[in-house]
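Structure first, then comments.
Just the heavy atoms: all of them, side chains too, but no hydrogens, waters or symmetry mates, feed the values below.
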Amino acid sequence: WALITLAILGCLLCSQMGKEKFHKSQHWGFCNNVRMLVGEDKPGIGGELLFGQKIKPKYSVFPKGMGTDSPSWVAFDKQVLSFDAYLEDEVPDKSQENYRIRRYKIYFYLEDDTVEVNEPVLQNSGLPQGIFIRRHRISLPPPNEDQFYTVHHFNVNTDIVFYGRTFKIYDCDAFTKNFLTKIGVKLNPPGQCPEDPYMKTRREKLDCMEPICPYESFDTLKQFLEYDRKVLRFFCVWDDSGSVFGDRRELILHYFLSDDTIEIKEVLPHNSGRDAMSLFLQRRKLPKYGPPGVYQPGQLTDRTVLNVYGGYSQTRVYGFLLDKYQLGKLDQEFYKDTDLSIGTTINVWGRKVLLCDCDDFTKTYYRTKYGIENFTSIPCKAPSPPKIERKFPPYTGFGSEEDSLRSCIGLMPTPHQRNFKKFIEFDSYGNISNTLRFFAKLITHKCADVERMFVISYFLSDDTISVFEPIERNSGYTGGMFLKRVRVKKPGQEVFKSEFSEYIKAEELYVGAKVNVNGYLFFLVNADEYTLNYMERNSDKFPLSSIELVIQKLKEEECKSRELKQVFTAADCMHTKMVDFNTFREIMMNLTVGKLTDQEVITIARRYRVPEDPCPHRNVLVAQAHEQLKKNAFENFERLIAMCVYEDREKKKVLPSKDIKRLCKSSRLPLNEDLLGSLLSGFEDSEKQINYESFFCALNWRVNPVPVLEVASYIKERCEDEWLGMPSPIPVKYIYYLNLLKDVFMR
C-alpha cells in the first residue's frame with residue numbers, strides 16, 4: 001500500500017506541475033437566511049471540472065468562422081431574428097366563441113440572447129395589444145429553469161413556451177432563414193396560421209350589413225396636398241369670326257390639378273379696341289355639356305341631404321342625415337385632365353375653344369403620367385393681313401431730315417431720338433477719345449490753296465465730322481474752324497426726297513482716300529497714332545489695315561520677288577537690313593504699280609518697323625532730377641543717407657527699392673512719381689536692391705553736377721510729291737525689309 005500511495009502522490013505531483021491556482025470553490029452559503037448547498041455546479045480545486053461534471057453554456061454558442069473574434073455585442077449589433085407565431089387563447093363563459101387565435105411577433109436579439117414578444121394591434125379587437133413580453137432573457141420551462149433560451153431553441157413549426165404560454169411558430173422572415181441556415185440549423189417547412197373563427201363570423205356579418213347612415217367619404221385632401229400649386233397651361237383660340245363683328249380671340253387656359261378647376265384668360269393685342277378684363281372665365285369646374293341651364297342653390301352638390309336635426313337641450317348638437325338613395329340628384333360631367341390635349345376642341349359655355357399648344361410643364365406631366373409623346377402645336381394666330389407700305393412726303397428743306405419725318409408720323413411732333421446706346425459706347429472718356437483724326441490737303445486748281453493743311457476729325461459716337469485748319473503765320477489765311485461738327489452727306493444725292501440721305505461713314509476714311517465734304521475735295525495724307533491703332537484693332541471694318549490681307553496681296557506679286565530684293569539691297573548701302581520710310585514707300589509704290597494704297601503701305605511699315613528705345617538713358621533721368629531739385633533748392637541728401645544707414649541693419653549698403661522709395665516720400669523729395677520710379681528702376685540690381693550711397697550721390701546736384709540738357713529742335717520731316725508740306729511726323733522711321741521679304745516670298 002505504501003508503494004501504491006507513493007505512486008498516486010507522484011502522479012498527483014506530476015499533474016500539479018506548473019499549476020498556479022489551488023483555490024477551492026465555495027459550495028455552502030445562505031439563501032433567505034437558511035444554510036444550504038448553493039454550489040452544486042461549481043468546479044473543483046483551481047477551477048478544474050470535477051469527474052463527470054459538465055458546464056452548461058449561459059449564452060448562444062455559434063460555430064467559429066473565418067472572421068475576427070469580436071464579441072457578440074459587436075458582431076451581432078442591431079441584428080434580430082423575427083418569428084411569426086400564434087397562440088390559442090381560451091375564452092370562458094361565452095357562447096359565441098370558445099377560443100381566439102392571437103398572432104404575435106417573436107424577436108430574438110443576437111447580441112445578448114434577449115427575447116421580446118409583440119402582438120400587432122388589431123382594430124376593434126377589444127383586447128389590450130402591443131408589447132406582450134418585454135425584452136429580457138427568458139428561462140427555459142422546468143426542470144431546466146436554470147438555463148435560458150438560446151438561438152438553437154428556435155425553429156419553424158415548433159412550439160415554444162414562455163412563462164406557461166405555448167407559442168406556435170409557423171414562419172420567419174428571410175434574414176432569419178438565412179442566418180439559421182448558416183449556423184447549421186435545419187429549418188422545418190413553414191406552416192399556416194389558422195383563422196380566428198370569431199373574426200371570420202364578424203367579417204361575414206359586416207359584409208352583409210348596410211350602414212344605417214350611409215355617409216360617403218370624399219377624400220380631396222390627398223389630391224390637394226399632392227398637386228397644390230401645379231397648374232397645366234394651354235394656349236388656345238376661340239374663332240368667333242363667323243358672327244357679326246367677331247374675330248379670333250387668343251386665350252390661355254389654366255387647369256388646376258389640386259381641385260380640377262379651370263380658369264381662362266384672354267390675350268389682348270395692342271390697339272385691339274377691347275376693354276382689358278382680368279379673366280375671360282373665372283376659376284371653376286367647367287361642365288362638358290353647357291350651358292346646362294339655371295339651377296337653384298343647393299341643387300348641384302356632392303351629397304344629397306335628407307334632413308337636419310338638433311337636440312332640445314342647451315348643449316344641443318347639430319347634424320344632418322344623408323339620402324342613401326340620392327333622390328333628385330343632378331349628375332353633371334366636368335372636364336378632367338384626360339379630356340385636354342393639343343388639337344382638342346372644348347365647350348366653354350357654348351363657345352368652341354381649340355387647344356393649340358401647351359408649356360413645358362404640361363408636356364412633362366402628360367408624358368410622365370399618360371405616356372403621351374406627340375405634342376405637335378397648331379398655329380393659333382390668324383394670318384396677318386398684308387402690310388401697307390407707308391409713304392412719307394419728301395423732305396421740305398427745313399431742319400434736318402429726321403425732324404421733318406417726325407412731323408409726318410404723329411399729330412404731336414416729337415424730337416428725333418438719337419442712338420443713345422452707340423453714344424454711350426463710343427463717347428470719349430479718359431485717354432480714349434473715340435475720334436479718328438486725319439491730316440488732309442485740299443485738292444484744288446488754285447495755287448494759293450494747294451499748301452493748305454487741314455485736320456479732319458470723325459466722331460464715332462454720332463458719325464459727325466469736323467474740319468479744322470491749323471493756324472500758320474504769314475500764310476495769308478486766318479485758320480481755325482473750317483467746318484463745325486456735323487454729319488456730312490455723300491455727294492450726288494437728291495435733296496428733296498422721301499428716303500434718308502446717306503452720310504460718310506468711318507469705313508470710308510483711310511490714308512490716301514479722297515473725301516468730298518460739302519463740295520470741297522480733301523486728300524487724306526496721314527493719321528494720328530490713335531487712329532492707326534483703332535483701324536488695326538478693327539481690321540474687319542477697315543480691311544486696308546489688315547496685315548493678313550495686305551500680305552496676301554503682296555504674294556500675288558511673287559514674280560517680282562527677285563527684283564524687289566535687288567531694289568531693297570541697292571537702297572541699303574550700309575547693309576543694315578533696314579530702310580527709311582520714304583525709301584520704303586517709293587519702292588513699294590513703284591513695284592506694285594498702284595495696287596497698294598498709302599494706308600496699306602503704312603500698315604506694312606508699322607508691322608515691320610524698327611522698334612525705338614522707349615526708356616531714356618539714366619544720365620537723362622538724372623539731369624531731369626537735378627533740374628527739379630535745383631528749382632526746389634533741395635540739398636538734404638546727407639540726412640537721407642543717414643536714414644538709409646539706420647535702416648540697413650546688416651550693413652550691406654543696399655536696401656530694397658520700395659524702402660528707398662518710402663524714405664524719399666517721407667522726406668518729401670521734390671520729384672514726381674514717374675521720374676522717381678524710373679530712377680529707382682535704373683539703379684536697382686537683379687535682386688531689386690539699390691546702393692543708396694551711389695543713388696543719393698548721383699542725385700546730389702551740388703556735389704555731382706551734370707551738363708544741362710539741350711532742348712531738341714523739332715524738324716519737320718517732309719516727304720516727296722504728295723506728302724510735301726505734311727505737318728505731322730512720318731508713321732515710322734525705319735523698316736526691316738528683310739523680315740518682310742521672308743514672310744511674303746519664303747513661306
Side-chain angles (χ1 to χ4, degrees), residues 436-444 450-451 453-454 456 507-516 521-529 531-533 535-536 539 542-610 716-747:
L436 307 182
R437 292 183 176 87
F438 297 90
F439 296 99
K441 292 195 307 181
L442 189 62
I443 301 177
T444 179
V450 172
E451 296 295 330
M453 298 297 300
F454 298 89
I456 299 178
E507 292 79 3
E508 302 173 8
L509 303 179
Y510 56 90
V511 178
K514 296 179 181 180
V515 183
N516 191 328
L521 191 61
F522 291 93
F523 181 77
L524 307 183
V525 295
N526 202 352
D528 61 358
E529 185 69 17
T531 303
L532 295 175
N533 289 333
M535 296 171 73
E536 291 173 0
S539 58
F542 301 93
L544 298 180
S545 297
S546 175
I547 187 63
E548 292 82 6
L549 297 179
V550 179
I551 294 297
Q552 187 66 30
K553 188 180 291 187
L554 286 177
K555 287 183 178 180
E556 297 176 0
E557 303 291 333
E558 190 174 359
C559 58
K560 300 181 181 180
S561 61
R562 186 172 182 179
E563 180 183 358
L564 187 63
K565 185 176 181 180
Q566 292 176 355
V567 173
F568 275 121
T569 305
D572 185 13
C573 301
M574 305 299 294
H575 302 287
T576 58
K577 300 181 182 179
M578 56 185 178
V579 294
D580 61 287
F581 178 77
N582 292 333
T583 306
F584 178 79
R585 175 182 175 275
E586 183 181 358
I587 293 173
M588 297 302 295
M589 286 295 187
N590 292 336
L591 290 180
T592 56
V593 195
K595 290 186 178 181
L596 292 180
T597 61
D598 290 331
Q599 181 68 45
E600 292 173 323
V601 173
I602 292 176
T603 302
I604 300 174
R606 287 170 56 83
R607 178 62 179 269
Y608 297 97
R609 62 184 171 183
V610 178
K716 294 183 179 179
E717 294 181 319
R718 299 182 177 272
C719 304
E720 299 178 0
D721 56 353
E722 293 183 352
W723 292 72
L724 190 62
M726 184 183 66
S728 64
I730 57 179
V732 295
K733 290 184 178 181
Y734 297 99
I735 299 98
Y736 281 123
Y737 66 88
L738 194 59
N739 295 343
L740 173 62
L741 295 177
K742 289 181 180 179
D743 291 346
V744 175
F745 301 113
M746 295 185 182
R747 286 188 177 181

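Side-chain atoms of Leu509 and Val515, non-hydrogen and from C-beta on, do get closer than 4.5 Å to each other. Inter-residue side-chain proximity for Met453 and Lys441 is flagged as met; some heavy-atom pair is nearer than 4.5 Å. Residues Leu532 and Gln599 are in side-chain contact: their nearest non-hydrogen atoms beyond the backbone lie under 4.5 Å apart. A 4.5 Å side-chain heavy-atom check between Ile587 and Phe568 finds at least one atom pair inside the cut-off. At least one side-chain heavy atom of Met535 sits under 4.5 Å from a side-chain heavy atom of Tyr510. Taking the side chain as every heavy atom from C-beta outward, Ile735 and Leu740 never approach each other to under 4.5 Å. Asn526 places none of its side-chain heavy atoms less than 4.5 Å from the side chain of Arg437.
The minimum heavy-atom distance linking Phe581 with Ile602 is given by the pair CZ-CG1, 4.2 Å. Smallest separation of non-hydrogen atoms from Phe523 and Gly512: CE1-O, 3.4 Å.
Rounding to the nearest 0.5 Å gives a distance of 12.5 Å between CE of Met578 and OG1 of Thr583. Atom CE of residue Met589 and atom CZ of residue Phe584 lie 10.0 Å apart, to the nearest 0.5 angstrom. Once rounded to the nearest 0.5 Å, the distance linking CG of Leu554 with NZ of Lys595 reads 10.5 Å. Atom CD1 of Ile456 is separated from atom CZ of Phe438 by 8.5 Å, given to the nearest 0.5 angstrom. From Tyr737, atom OH reaches atom CE of Met588 across 14.0 Å, with rounding to the nearest 0.5 Å. The distance from the NZ atom of Lys553 to the CD atom of Glu548 is 13.5 Å, given to the nearest 0.5 Å.
The 12-atom threshold is not exceeded at OH of Tyr734, counting heavy atoms of other residues, nucleotides or ligands nearer than 6.0 Å.
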Inset, instruction - In sequence, state the C-alpha distance, the side-chain angles, and the governing distance for Glu563 and Leu591, and then conclude on side chain to side chain contact (heavy atoms under 4.5 Å, CB included). - result: CA-CA 9 Å; Glu563 180 183 358; Leu591 290 180; 3.4 Å; yes
Inset, instruction - Would you sort out whether Leu564 and Leu741 count as a side chain to side chain contact (heavy atoms under 4.5 Å, CB included), showing the intermediate values? - result: CA-CA 9 Å; Leu564 187 63; Leu741 295 177; 3.7 Å; yes
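Leu544 pairs in a side chain to side chain contact (heavy atoms under 4.5 Å, CB included) with only one of the listed residues (Leu549, Val511, Asp598, Thr597), which is Thr597.
Side-chain atoms of Asn590 come within 3.5 Å of backbone N or O of Glu586 as a donor-acceptor pair. The main-chain N or O of Lys565 is found under 3.5 Å from a side-chain atom of Thr569 such that the two form a donor-acceptor pair.
Taking the six-membered ring for Trp and thresholds of 30 and 60 degrees, Phe454 and Phe522 have ring planes more than 60 degrees apart, a perpendicular arrangement.
Donor-acceptor pairing under 3.5 Å is lacking for the side chains of Thr603 and Glu536. Between the side chains of Asn533 and Arg606, at least one donor N or O sits under 3.5 Å from an acceptor N or O.
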